[in-house]
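The structure appears below as structure tokens.
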There are 2 protein chains.
Amino acid sequence: MPRNKVIFALIENETDRKVSYKKRHKGFLKKAQELMTLCDIEMAAIIYSPYSDEPKVFPMVLQSTPF
Amino acid sequence: MPRNKVIFALIENETDRKVSYKKRHKGFLKKAQELMTLCDIEMAAIIYSPYSDEPKVFPMVLQSTPF
DNA sequence: GCCCCTATCTTTAGGCG
DNA sequence: CCGCCTAAAGATAGGGG
């Protein structure tokens, strides 16, 4: 976006796509946090990507002792 | 954010909070759409708020004939 | 691959009709 | 309440080490 506008389509180059994912998922989770906190609402999100083993889950799920 | 910085805390004034919600949830869903499209990943989000009757669900769920 | 920089694009608070 | 405007804050592509 900055140095170049964003084109609303798949980023073809895999390296670029991964870099973009890394930056954007962070921004996305921040936005989620802000929306929840500023506006006093409840929400959840889950992101599956080939870039992390575990899905990203929002809000954080605290691991309780499993059984 | 613009005219004033955002303070990371509940917006106390109810009217302001609702206005903020209305703007932000839109931006949030757009970011979700971008993340999904640009980076070729799968994700879902759900937002409960007192400002809409139905929860906002991402991605769109097409209503099939209910039984 | 990572983190850091920064120019530039995008989002949005506050205000008006 | 809703939609539009605009300045300023925030996000981020591209590049460097």
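We name chains A, B, ... by the order of the sequence lines, and we start the count at 1 in each one.
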Quiz item: Less than 4.5 Å apart, any side-chain heavy atom of B:Asn13 and any of B:Lys18?
Solution: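 No, too far: nothing below the 4.5 Å cut-off.
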Rounded to the nearest Å, what distance is computed from the [atom1] atom of residue [X] to the [atom2] atom of nucleotide [N]?
X	N	atom1	atom2	result
A:Phe8	C:dT10	CZ	C1'	14 Å
B:Glu34	C:dC9	CD	P	15 Å
B:Leu35	C:dT10	CG	C1'	16 Å
B:Ile7	D:dA8	CD1	P	18 Å
B:Gln33	C:dT11	CD	C1'	17 Å
B:Phe28	D:dG10	CZ	P	18 Å
B:Tyr21	C:dG14	OH	P	19 Å
B:Arg17	C:dG14	CZ	P	14 Å

Self-check item: For B:Leu29, the rest of its hydrophobic cluster, which grows through side-chain links under 4.5 angstrom
Solution: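 Answer for B:Leu29: A:Tyr21, A:Phe28, A:Leu29, A:Leu35, A:Met36, A:Ile41, A:Met43, A:Ile47, A:Tyr51, A:Phe58, B:Tyr21, B:Phe28, B:Leu35, B:Met36, B:Ile41, B:Met43, B:Ile47, B:Tyr51, B:Phe58.
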Quiz prompt | ILVMFWY clustering at 4.5 Å (side-chain atoms), partners of B:Phe8 | solution =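 In the cluster with B:Phe8 there is nothing else; it is isolated.
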Nucleotide nearest [X] when distance is taken to its side chain, options [options]:
X	options	answer
A:Val6	D:dA13, C:dA13, C:dC2	D:dA13
A:Lys23	D:dA11, D:dG14, C:dT10	D:dG14
A:Arg24	D:dA13, C:dT11, C:dA13	D:dA13
A:Lys22	D:dA11, C:dA13, C:dC3	C:dC3
B:Lys18	D:dG10, D:dC1, C:dT10	D:dC1
A:Asn4	D:dG14, C:dG14, C:dT10	D:dG14

Practice problem: Using a cut-off of strictly less than 4.0 Å, decide whether B:Lys30 has a side-chain nitrogen or oxygen near OP1 or OP2 of C:dT11. | Solution: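 So the side-chain polar atoms of B:Lys30 do come within 4.0 Å of the phosphate oxygens OP1 or OP2 of C:dT11, strictly under.
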Quiz item: Do you know which of A:Pro55, A:Ser49, A:Pro50 makes side-chain contact (heavy atoms from CB on, under 4.5 Å) with A:Ser52?
Solution: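 Exactly one pass, corresponding to A:Ser49.
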Self-check item: Nearest-0.5 Å distance, CZ of residue A:Arg24 to NZ of residue A:Lys30
Solution: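 The NZ atom of A:Lys30 is 15.0 Å from CZ of A:Arg24, to the nearest 0.5 Å.
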